[in-house]
Amino acid sequence: MSNSLDYDLIVIGAGSGGVRLARMSAGRGARVAVVESRYLGGTCVNVGCVPKKLFVYGAHVRDELEDAAGYGWNLPLEEASFDWPTLVANKNSEIERLNGIYGRLLENAGVTIIEGTASIKDPNTVVVGDQEYTSAHITVATGSWPVVPDIPGKESILTSNEMFYLPQLPKQAVVWGGGYIAVEFAGILAGLGVETTLLYRGDLFLRGFDNDVRKFTEQEMRKKGIRLEFGVTIESVEPDNSHYRVKLSNGDVMETGLVMAATGRRALVDGLGLAELGVELNASGHVVVDDYFQTSVPSITALGDVIGTPQLTPVALAQAMVLSRRMFGDGEGEMDYSAIPTAVFCQPNIGTVGLTEEEARDAGYSLRIYRSEFKPMKFTLSGRDERCLMKLVVDDASDRVLGAHMVGVDAGEITQGIAVAIKAGATKAQFDSTIGIHPTSAEEFVTMREPVA
(Lines give C-alpha, C1' and ligand atoms only; values in the text may rest on other atoms or scores of the structure.)
Protein backbone atom coordinates (compact mmCIF):
# COMPACT_ATOMS: atom_id res chain seq x y z
CA MET A 1 0.00 0.00 0.00
CA SER A 2 1.52 3.25 -1.16
CA ASN A 3 1.36 6.40 0.98
CA SER A 4 1.87 8.49 -2.17
CA LEU A 5 -1.78 7.82 -3.00
CA ASP A 6 -4.74 9.30 -1.12
CA TYR A 7 -6.25 5.92 -0.28
CA ASP A 8 -5.58 2.22 -0.39
CA LEU A 9 -9.16 1.55 -1.50
CA ILE A 10 -11.97 3.64 -2.95
CA VAL A 11 -15.34 1.91 -3.07
CA ILE A 12 -17.88 3.36 -5.51
CA GLY A 13 -21.31 2.64 -4.09
CA ALA A 14 -22.43 2.48 -0.45
CA GLY A 15 -24.85 -0.40 -0.75
CA SER A 16 -24.67 -3.52 1.38
CA GLY A 17 -21.61 -4.93 -0.39
CA GLY A 18 -19.76 -1.63 -0.66
CA VAL A 19 -20.27 -0.71 2.98
CA ARG A 20 -19.18 -4.15 4.18
CA LEU A 21 -16.08 -4.08 1.98
CA ALA A 22 -15.15 -0.60 3.21
CA ARG A 23 -15.63 -1.45 6.89
CA MET A 24 -13.78 -4.76 6.78
CA SER A 25 -10.89 -3.29 4.79
CA ALA A 26 -10.56 -0.31 7.14
CA GLY A 27 -10.56 -2.77 10.03
CA ARG A 28 -7.55 -4.42 8.42
CA GLY A 29 -5.67 -1.13 8.41
CA ALA A 30 -6.45 0.10 4.91
CA ARG A 31 -7.17 3.79 4.18
CA VAL A 32 -10.65 3.63 2.67
CA ALA A 33 -13.14 6.02 1.12
CA VAL A 34 -16.68 5.34 -0.09
CA VAL A 35 -18.36 7.41 -2.81
CA GLU A 36 -22.17 7.51 -2.83
CA SER A 37 -24.48 9.65 -4.97
CA ARG A 38 -27.89 8.69 -3.53
CA TYR A 39 -28.32 7.05 -0.14
CA LEU A 40 -26.37 4.93 2.29
CA GLY A 41 -27.45 1.29 2.29
CA GLY A 42 -28.15 1.00 -1.42
CA THR A 43 -31.18 -0.65 -2.98
CA CYS A 44 -31.80 -3.16 -0.18
CA VAL A 45 -32.18 -0.61 2.60
CA ASN A 46 -33.87 2.16 0.63
CA VAL A 47 -35.93 0.74 -2.22
CA GLY A 48 -35.62 -3.02 -1.83
CA CYS A 49 -35.63 -5.77 0.76
CA VAL A 50 -36.22 -3.73 3.91
CA PRO A 51 -39.09 -1.40 2.90
CA LYS A 52 -40.61 -4.22 0.84
CA LYS A 53 -40.87 -6.49 3.86
CA LEU A 54 -42.31 -3.66 5.95
CA PHE A 55 -44.99 -3.26 3.27
CA VAL A 56 -45.60 -7.03 3.30
CA TYR A 57 -46.18 -6.87 7.06
CA GLY A 58 -48.62 -4.03 6.51
CA ALA A 59 -50.46 -5.88 3.77
CA HIS A 60 -50.89 -8.94 5.98
CA VAL A 61 -52.73 -7.15 8.79
CA ARG A 62 -56.08 -7.50 7.07
CA ASP A 63 -55.69 -11.30 7.10
CA GLU A 64 -54.90 -11.18 10.81
CA LEU A 65 -58.02 -9.12 11.47
CA GLU A 66 -60.14 -11.57 9.50
CA ASP A 67 -58.60 -14.58 11.26
CA ALA A 68 -59.22 -13.05 14.71
CA ALA A 69 -62.90 -14.00 14.72
CA GLY A 70 -62.08 -17.69 14.78
CA TYR A 71 -60.17 -17.09 17.99
CA GLY A 72 -63.00 -15.23 19.70
CA TRP A 73 -61.94 -11.66 18.94
CA ASN A 74 -64.70 -9.38 17.74
CA LEU A 75 -62.99 -6.93 15.40
CA PRO A 76 -65.54 -5.76 12.82
CA LEU A 77 -63.64 -5.16 9.58
CA GLU A 78 -66.10 -2.47 8.55
CA GLU A 79 -64.82 -0.40 11.45
CA ALA A 80 -61.17 -0.83 10.43
CA SER A 81 -59.49 1.69 8.15
CA PHE A 82 -56.13 1.80 6.45
CA ASP A 83 -54.10 4.94 5.86
CA TRP A 84 -51.42 4.51 3.20
CA PRO A 85 -49.57 7.79 3.95
CA THR A 86 -49.09 6.64 7.56
CA LEU A 87 -47.44 3.40 6.42
CA VAL A 88 -45.18 5.28 3.98
CA ALA A 89 -44.21 7.88 6.59
CA ASN A 90 -43.40 5.25 9.22
CA LYS A 91 -41.41 3.31 6.63
CA ASN A 92 -39.49 6.47 5.73
CA SER A 93 -38.61 7.06 9.38
CA GLU A 94 -37.23 3.55 9.70
CA ILE A 95 -35.18 3.89 6.52
CA GLU A 96 -33.74 7.21 7.72
CA ARG A 97 -32.77 5.49 10.97
CA LEU A 98 -30.98 2.76 9.01
CA ASN A 99 -29.25 5.36 6.81
CA GLY A 100 -27.87 6.90 9.99
CA ILE A 101 -26.67 3.54 11.26
CA TYR A 102 -24.81 2.88 8.00
CA GLY A 103 -23.18 6.30 8.21
CA ARG A 104 -22.04 5.74 11.77
CA LEU A 105 -20.71 2.27 10.95
CA LEU A 106 -18.52 3.75 8.24
CA GLU A 107 -17.38 6.72 10.31
CA ASN A 108 -16.59 4.55 13.35
CA ALA A 109 -14.52 2.28 11.13
CA GLY A 110 -12.52 5.30 9.94
CA VAL A 111 -13.93 5.27 6.41
CA THR A 112 -14.19 8.60 4.57
CA ILE A 113 -17.63 9.19 3.02
CA ILE A 114 -17.55 11.20 -0.20
CA GLU A 115 -20.94 12.40 -1.44
CA GLY A 116 -21.38 12.76 -5.17
CA THR A 117 -21.28 10.94 -8.48
CA ALA A 118 -18.06 9.16 -9.31
CA SER A 119 -16.26 8.51 -12.56
CA ILE A 120 -12.98 6.69 -13.00
CA LYS A 121 -10.36 8.81 -14.76
CA ASP A 122 -7.60 6.22 -14.86
CA PRO A 123 -6.81 2.93 -13.08
CA ASN A 124 -5.92 4.77 -9.88
CA THR A 125 -7.98 7.97 -9.97
CA VAL A 126 -11.63 8.60 -9.12
CA VAL A 127 -13.25 11.94 -9.93
CA VAL A 128 -16.16 13.26 -7.84
CA GLY A 129 -17.35 16.71 -8.88
CA ASP A 130 -14.23 18.83 -9.34
CA GLN A 131 -12.14 16.72 -6.96
CA GLU A 132 -9.76 13.90 -7.83
CA TYR A 133 -8.89 11.09 -5.44
CA THR A 134 -6.15 8.53 -5.98
CA SER A 135 -6.15 4.96 -4.71
CA ALA A 136 -4.24 1.73 -5.08
CA HIS A 137 -7.52 -0.19 -5.49
CA ILE A 138 -10.91 0.85 -6.84
CA THR A 139 -13.99 -1.31 -6.34
CA VAL A 140 -17.19 -0.83 -8.33
CA ALA A 141 -20.20 -1.70 -6.14
CA THR A 142 -22.85 0.44 -7.80
CA GLY A 143 -25.59 -2.20 -7.92
CA SER A 144 -28.45 -2.37 -10.39
CA TRP A 145 -31.42 -0.31 -11.55
CA PRO A 146 -34.92 -1.23 -12.75
CA VAL A 147 -35.51 -1.53 -16.49
CA VAL A 148 -38.76 -0.48 -18.18
CA PRO A 149 -39.30 -1.86 -21.71
CA ASP A 150 -39.24 0.75 -24.45
CA ILE A 151 -42.92 0.90 -25.35
CA PRO A 152 -45.28 3.82 -26.05
CA GLY A 153 -46.22 5.41 -22.73
CA LYS A 154 -43.26 4.02 -20.78
CA GLU A 155 -42.96 7.35 -18.97
CA SER A 156 -46.28 6.55 -17.25
CA ILE A 157 -44.99 3.25 -15.89
CA LEU A 158 -43.63 3.05 -12.34
CA THR A 159 -40.90 0.76 -11.03
CA SER A 160 -40.27 -0.63 -7.56
CA ASN A 161 -38.25 2.53 -6.82
CA GLU A 162 -41.31 4.78 -7.09
CA MET A 163 -43.71 2.32 -5.46
CA PHE A 164 -42.13 2.93 -2.08
CA TYR A 165 -43.04 6.62 -2.22
CA LEU A 166 -46.51 6.60 -3.80
CA PRO A 167 -48.55 9.54 -2.48
CA GLN A 168 -51.71 7.44 -2.50
CA LEU A 169 -52.90 3.96 -3.42
CA PRO A 170 -55.01 3.45 -6.55
CA LYS A 171 -58.19 1.38 -6.63
CA GLN A 172 -56.77 -0.81 -9.41
CA ALA A 173 -53.22 -1.70 -10.37
CA VAL A 174 -51.42 -3.70 -13.03
CA VAL A 175 -48.09 -5.33 -12.17
CA TRP A 176 -46.04 -6.34 -15.21
CA GLY A 177 -43.46 -9.08 -14.74
CA GLY A 178 -42.93 -12.60 -13.50
CA GLY A 179 -40.01 -12.45 -11.08
CA TYR A 180 -39.99 -12.20 -7.33
CA ILE A 181 -40.41 -8.39 -7.29
CA ALA A 182 -43.56 -8.60 -9.41
CA VAL A 183 -45.04 -11.40 -7.32
CA GLU A 184 -44.25 -9.61 -4.06
CA PHE A 185 -45.75 -6.28 -5.11
CA ALA A 186 -48.87 -7.98 -6.46
CA GLY A 187 -49.33 -9.47 -2.99
CA ILE A 188 -48.66 -6.17 -1.25
CA LEU A 189 -51.15 -4.24 -3.37
CA ALA A 190 -53.85 -6.89 -3.12
CA GLY A 191 -53.36 -7.17 0.63
CA LEU A 192 -53.89 -3.43 0.98
CA GLY A 193 -57.18 -3.61 -0.87
CA VAL A 194 -56.10 -2.75 -4.41
CA GLU A 195 -57.74 -4.68 -7.24
CA THR A 196 -54.58 -6.18 -8.68
CA THR A 197 -53.70 -7.87 -11.98
CA LEU A 198 -50.33 -9.46 -12.65
CA LEU A 199 -49.31 -9.84 -16.31
CA TYR A 200 -46.47 -12.07 -17.46
CA ARG A 201 -45.33 -13.05 -20.94
CA GLY A 202 -44.42 -16.62 -19.95
CA ASP A 203 -46.72 -19.52 -19.17
CA LEU A 204 -45.99 -19.36 -15.42
CA PHE A 205 -44.15 -16.88 -13.21
CA LEU A 206 -41.07 -17.39 -11.00
CA ARG A 207 -38.93 -19.01 -13.69
CA GLY A 208 -36.02 -20.88 -12.09
CA PHE A 209 -37.94 -21.91 -8.98
CA ASP A 210 -39.11 -25.49 -8.46
CA ASN A 211 -42.15 -26.18 -10.64
CA ASP A 212 -44.22 -27.47 -7.71
CA VAL A 213 -43.50 -24.21 -5.90
CA ARG A 214 -44.51 -22.15 -8.93
CA LYS A 215 -47.81 -24.01 -9.44
CA PHE A 216 -48.68 -23.98 -5.76
CA THR A 217 -47.95 -20.26 -5.46
CA GLU A 218 -50.18 -19.59 -8.45
CA GLN A 219 -53.07 -21.37 -6.73
CA GLU A 220 -52.59 -19.53 -3.46
CA MET A 221 -52.29 -16.12 -5.12
CA ARG A 222 -55.52 -16.66 -7.02
CA LYS A 223 -57.21 -17.40 -3.69
CA LYS A 224 -56.09 -13.95 -2.54
CA GLY A 225 -58.11 -12.43 -5.36
CA ILE A 226 -55.11 -11.51 -7.51
CA ARG A 227 -55.87 -11.75 -11.22
CA LEU A 228 -53.08 -13.63 -12.98
CA GLU A 229 -52.71 -13.35 -16.75
CA PHE A 230 -49.97 -15.43 -18.39
CA GLY A 231 -48.80 -15.49 -22.00
CA VAL A 232 -49.47 -11.78 -22.39
CA THR A 233 -47.46 -8.59 -22.32
CA ILE A 234 -48.06 -4.84 -22.47
CA GLU A 235 -47.78 -3.09 -25.83
CA SER A 236 -48.63 0.46 -24.76
CA VAL A 237 -49.83 2.59 -21.84
CA GLU A 238 -51.90 5.72 -22.45
CA PRO A 239 -52.90 8.23 -19.75
CA ASP A 240 -56.68 8.74 -19.64
CA ASN A 241 -57.60 11.44 -17.10
CA SER A 242 -56.79 9.91 -13.71
CA HIS A 243 -56.43 6.39 -15.16
CA TYR A 244 -54.38 4.56 -17.75
CA ARG A 245 -55.43 2.56 -20.77
CA VAL A 246 -53.22 -0.50 -21.09
CA LYS A 247 -53.14 -2.24 -24.45
CA LEU A 248 -52.15 -5.90 -24.25
CA SER A 249 -50.52 -8.19 -26.79
CA ASN A 250 -53.69 -10.29 -27.02
CA GLY A 251 -55.70 -7.26 -28.16
CA ASP A 252 -57.40 -6.60 -24.84
CA VAL A 253 -57.45 -3.12 -23.31
CA MET A 254 -57.46 -2.61 -19.55
CA GLU A 255 -58.15 0.49 -17.52
CA THR A 256 -56.21 0.88 -14.31
CA GLY A 257 -55.01 3.46 -11.82
CA LEU A 258 -51.37 2.37 -11.83
CA VAL A 259 -48.94 0.37 -13.94
CA MET A 260 -45.81 -1.02 -12.34
CA ALA A 261 -43.07 -2.77 -14.32
CA ALA A 262 -40.93 -5.38 -12.61
CA THR A 263 -39.37 -6.50 -15.86
CA GLY A 264 -35.73 -6.81 -14.91
CA ARG A 265 -32.77 -4.81 -13.66
CA ARG A 266 -29.55 -3.70 -15.34
CA ALA A 267 -26.08 -3.07 -13.97
CA LEU A 268 -25.73 0.57 -12.93
CA VAL A 269 -22.49 1.56 -14.66
CA ASP A 270 -23.59 4.74 -16.44
CA GLY A 271 -21.01 7.49 -16.41
CA LEU A 272 -18.31 5.48 -14.63
CA GLY A 273 -16.11 5.38 -17.71
CA LEU A 274 -15.44 1.65 -17.46
CA ALA A 275 -15.44 0.92 -21.18
CA GLU A 276 -13.01 3.77 -21.85
CA LEU A 277 -10.65 2.28 -19.28
CA GLY A 278 -10.80 -1.14 -20.88
CA VAL A 279 -12.94 -2.75 -18.18
CA GLU A 280 -14.78 -5.56 -19.92
CA LEU A 281 -18.58 -5.68 -19.83
CA ASN A 282 -20.57 -8.69 -21.01
CA ALA A 283 -23.53 -8.72 -23.39
CA SER A 284 -25.97 -8.04 -20.55
CA GLY A 285 -23.97 -5.00 -19.43
CA HIS A 286 -22.53 -6.53 -16.26
CA VAL A 287 -18.90 -6.04 -15.26
CA VAL A 288 -16.87 -9.13 -16.09
CA VAL A 289 -14.79 -10.41 -13.17
CA ASP A 290 -12.86 -13.57 -12.35
CA ASP A 291 -13.46 -15.78 -9.29
CA TYR A 292 -11.73 -13.17 -7.13
CA PHE A 293 -13.74 -10.15 -8.39
CA GLN A 294 -10.86 -8.90 -10.52
CA THR A 295 -11.81 -7.01 -13.68
CA SER A 296 -9.72 -6.79 -16.83
CA VAL A 297 -7.93 -3.76 -15.27
CA PRO A 298 -5.64 -4.98 -12.44
CA SER A 299 -6.40 -2.18 -9.96
CA ILE A 300 -10.17 -2.33 -10.42
CA THR A 301 -12.48 -4.91 -8.82
CA ALA A 302 -16.26 -5.20 -8.69
CA LEU A 303 -18.88 -7.01 -6.63
CA GLY A 304 -22.61 -7.30 -6.01
CA ASP A 305 -25.45 -6.84 -8.48
CA VAL A 306 -23.15 -5.05 -10.92
CA ILE A 307 -21.33 -8.31 -11.74
CA GLY A 308 -24.48 -10.34 -12.41
CA THR A 309 -24.26 -12.86 -9.57
CA PRO A 310 -27.49 -13.63 -7.63
CA GLN A 311 -29.02 -10.27 -6.73
CA LEU A 312 -29.24 -10.92 -3.01
CA THR A 313 -27.89 -8.74 -0.22
CA PRO A 314 -26.24 -11.65 1.67
CA VAL A 315 -24.39 -12.63 -1.53
CA ALA A 316 -22.92 -9.12 -1.81
CA LEU A 317 -21.96 -9.20 1.88
CA ALA A 318 -20.19 -12.53 1.45
CA GLN A 319 -18.39 -11.28 -1.66
CA ALA A 320 -17.21 -8.24 0.28
CA MET A 321 -15.76 -10.42 3.03
CA VAL A 322 -13.86 -12.50 0.47
CA LEU A 323 -12.56 -9.49 -1.44
CA SER A 324 -11.43 -7.60 1.66
CA ARG A 325 -9.56 -10.64 2.88
CA ARG A 326 -7.89 -11.10 -0.48
CA MET A 327 -6.86 -7.44 -0.79
CA PHE A 328 -5.86 -6.64 2.78
CA GLY A 329 -5.91 -9.91 4.71
CA ASP A 330 -4.18 -13.23 4.24
CA GLY A 331 -5.10 -13.39 0.55
CA GLU A 332 -7.16 -16.55 1.01
CA GLY A 333 -10.85 -17.28 0.54
CA GLU A 334 -13.26 -17.65 -2.34
CA MET A 335 -17.00 -17.51 -2.93
CA ASP A 336 -19.18 -20.59 -2.86
CA TYR A 337 -22.43 -20.00 -4.73
CA SER A 338 -23.90 -23.43 -4.07
CA ALA A 339 -26.99 -23.89 -1.88
CA ILE A 340 -27.78 -20.19 -1.49
CA PRO A 341 -31.06 -19.92 0.44
CA THR A 342 -33.57 -17.31 -0.65
CA ALA A 343 -37.10 -16.20 0.09
CA VAL A 344 -39.87 -14.56 -1.88
CA PHE A 345 -42.09 -12.48 0.37
CA CYS A 346 -45.27 -13.06 -1.54
CA GLN A 347 -48.30 -14.21 0.39
CA PRO A 348 -47.83 -16.95 1.45
CA ASN A 349 -44.03 -16.73 1.51
CA ILE A 350 -41.65 -18.92 -0.47
CA GLY A 351 -38.43 -20.29 1.00
CA THR A 352 -36.00 -22.34 -1.06
CA VAL A 353 -32.46 -23.68 -0.85
CA GLY A 354 -30.44 -26.04 -3.03
CA LEU A 355 -31.47 -27.70 -6.28
CA THR A 356 -34.96 -27.73 -7.71
CA GLU A 357 -36.31 -31.07 -8.86
CA GLU A 358 -35.80 -29.97 -12.47
CA GLU A 359 -32.18 -28.89 -11.87
CA ALA A 360 -31.37 -32.14 -10.08
CA ARG A 361 -32.83 -34.29 -12.87
CA ASP A 362 -30.99 -32.24 -15.51
CA ALA A 363 -27.77 -32.84 -13.53
CA GLY A 364 -28.29 -36.59 -13.85
CA TYR A 365 -29.30 -37.48 -10.31
CA SER A 366 -31.63 -40.38 -9.61
CA LEU A 367 -34.09 -38.84 -7.20
CA ARG A 368 -36.53 -39.49 -4.43
CA ILE A 369 -39.05 -36.69 -4.02
CA TYR A 370 -40.84 -36.02 -0.75
CA ARG A 371 -43.76 -33.62 -0.79
CA SER A 372 -46.39 -32.61 1.72
CA GLU A 373 -49.31 -30.21 1.41
CA PHE A 374 -51.47 -29.26 4.39
CA LYS A 375 -53.49 -26.54 6.12
CA PRO A 376 -51.36 -24.83 8.80
CA MET A 377 -52.70 -25.23 12.31
CA LYS A 378 -53.36 -21.50 12.65
CA PHE A 379 -56.03 -21.65 9.96
CA THR A 380 -57.95 -24.61 11.40
CA LEU A 381 -59.89 -22.24 13.66
CA SER A 382 -59.87 -19.14 11.47
CA GLY A 383 -61.18 -21.05 8.46
CA ARG A 384 -58.78 -19.35 6.05
CA ASP A 385 -58.35 -21.27 2.83
CA GLU A 386 -54.56 -21.13 2.75
CA ARG A 387 -52.33 -24.15 2.52
CA CYS A 388 -48.65 -24.94 2.91
CA LEU A 389 -46.32 -26.89 0.63
CA MET A 390 -43.06 -28.54 1.68
CA LYS A 391 -40.77 -30.52 -0.58
CA LEU A 392 -37.43 -32.32 -0.32
CA VAL A 393 -35.31 -33.33 -3.31
CA VAL A 394 -33.09 -36.30 -2.37
CA ASP A 395 -30.27 -38.02 -4.24
CA ASP A 396 -31.24 -41.70 -4.17
CA ALA A 397 -27.65 -42.93 -4.43
CA SER A 398 -26.14 -40.96 -1.52
CA ASP A 399 -29.36 -40.14 0.40
CA ARG A 400 -28.16 -36.52 0.50
CA VAL A 401 -30.84 -33.82 0.53
CA LEU A 402 -30.14 -31.73 -2.56
CA GLY A 403 -32.91 -29.16 -2.14
CA ALA A 404 -35.66 -28.02 0.20
CA HIS A 405 -38.60 -25.90 -0.89
CA MET A 406 -41.53 -24.39 1.01
CA VAL A 407 -44.54 -22.19 0.36
CA GLY A 408 -46.27 -21.07 3.53
CA VAL A 409 -46.25 -18.87 6.58
CA ASP A 410 -42.70 -18.04 7.77
CA ALA A 411 -41.13 -19.98 4.89
CA GLY A 412 -38.08 -17.72 4.91
CA GLU A 413 -37.50 -18.15 8.64
CA ILE A 414 -37.81 -21.93 8.40
CA THR A 415 -35.67 -22.28 5.28
CA GLN A 416 -32.76 -20.41 6.86
CA GLY A 417 -32.35 -23.22 9.39
CA ILE A 418 -32.81 -25.95 6.78
CA ALA A 419 -30.11 -24.24 4.67
CA VAL A 420 -27.48 -24.98 7.33
CA ALA A 421 -28.27 -28.69 7.13
CA ILE A 422 -28.16 -28.76 3.33
CA LYS A 423 -24.92 -26.78 3.26
CA ALA A 424 -23.45 -29.34 5.67
CA GLY A 425 -24.47 -32.20 3.35
CA ALA A 426 -27.22 -33.68 5.52
CA THR A 427 -28.86 -36.90 4.38
CA LYS A 428 -32.53 -37.77 4.41
CA ALA A 429 -31.77 -40.29 7.17
CA GLN A 430 -30.40 -37.44 9.30
CA PHE A 431 -33.52 -35.40 8.61
CA ASP A 432 -35.59 -38.43 9.67
CA SER A 433 -33.60 -38.92 12.87
CA THR A 434 -34.07 -35.29 13.90
CA ILE A 435 -36.79 -34.79 16.51
CA GLY A 436 -39.47 -32.39 15.34
CA ILE A 437 -40.78 -29.42 17.28
CA HIS A 438 -44.49 -30.04 17.81
CA PRO A 439 -46.85 -28.55 16.85
CA THR A 440 -45.15 -26.52 14.11
CA SER A 441 -45.24 -26.47 10.34
CA ALA A 442 -41.46 -26.81 10.32
CA GLU A 443 -41.58 -30.31 11.80
CA GLU A 444 -42.99 -31.54 8.50
CA PHE A 445 -39.48 -31.31 7.05
CA VAL A 446 -38.33 -34.07 9.42
CA THR A 447 -41.47 -36.24 9.30
CA MET A 448 -41.96 -36.86 5.58
CA ARG A 449 -41.33 -40.60 5.27
CA GLU A 450 -42.80 -41.82 1.98
CA PRO A 451 -41.50 -40.53 -1.35
CA VAL A 452 -44.09 -39.39 -3.86
CA ALA A 453 -41.77 -39.87 -6.83
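Count residues from 1 along the sequence. Small disclaimer: the values here were computed from a predicted structure and weren't measured.
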Show me the side-chain donor-acceptor pairs of residues 261-271 shorter than 3.5 Å, one per line, residues at least two apart or across chains.
from   : atom 1 : to     : atom 2 : distance (Å)
Thr263 : OG1    : Val147 : O      : 2.8
Arg265 : NE     : Ser144 : OG     : 2.8
Arg265 : NH2    : Thr43  : OG1    : 3.4
Arg265 : NH2    : Ser144 : O      : 2.9
Arg265 : NH2    : Ser144 : OG     : 3.4
Arg266 : NH1    : Asp270 : OD1    : 3.2
Arg266 : NH1    : Asp270 : OD2    : 3.3
Arg266 : NH2    : Asp270 : OD2    : 3.0

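- Under a 4.0 Å N-O distance rule, the pair Arg97/Glu94 qualifies as a salt bridge.
- Ion pair Glu66/Arg384 flagged as a salt bridge, since at least one NZ, NE, NH1 or NH2 atom sits closer than 4.0 Å to an Asp/Glu carboxylate oxygen.
- The pair Asp6-Arg31 does not meet the salt-bridge criterion, since no charged nitrogen lies less than 4.0 angstrom from a carboxylate oxygen.
- In the model, Thr217 has no side-chain atom that pairs as donor or acceptor with a side-chain atom of Glu220 under 3.5 Å.
- Between His137 and Phe328, the angle of the ring planes goes over 60°, which puts this pair in the perpendicular group of the 30/60° scheme.
- The residues Glu64 and Lys378 are annotated as salt-bridged, a charged nitrogen and a carboxylate oxygen being separated by less than 4.0 angstrom.
- Lys215 has no carboxylate O lying under 4.0 Å from a charged side-chain N of Glu218, or vice versa, which leaves the two without a salt bridge.
- At a threshold of 4.0 Å, the pair Glu184-Lys52 counts as salt-bridged, since one of the basic side-chain nitrogens sits closer than that to a carboxylate oxygen.
- Using modelled atom types and a 3.5 Å distance limit, the side chains of Ser25 and Ser324 yield a donor-acceptor pair.
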Only distances under 3.5 Å count here; give the side-chain donor-acceptor pairs of residues 228-245 to other protein atoms, sequence neighbours excluded, each with its distance to 0.1 Å.
from   : atom 1 : to     : atom 2 : distance (Å)
Glu229 : OE2    : Arg227 : NE     : 2.9
Glu229 : OE2    : Arg227 : NH2    : 3.3
Thr233 : OG1    : Trp176 : NE1    : 3.2

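- Checked against the 6.0 Å centroid criterion, the rings of Phe345 and Phe185 do not qualify as a close aromatic pair.
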ask   = Hey, mind stepping through Phe209 and Tyr180 against ring pair (Phe, Tyr, Trp, His ring centres under 6.0 Å) and telling me if it holds?
value = CA-CA 10 Å; Phe209 284 78; Tyr180 69 94; 8.0 Å; no

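- Contacts of Thr256 classified as side-chain hydrogen bond (donor to acceptor under 3.5 Å, both in side chains), with partners at least two apart in sequence or in another chain: none.
- A salt bridge links Glu132 with Lys121: at least one charged nitrogen is closer than 4.0 Å to a carboxylate oxygen.
- Of all the heavy atoms in Thr356 and Gly208, the pair that sits closest is CG2-O, 3.7 Å.
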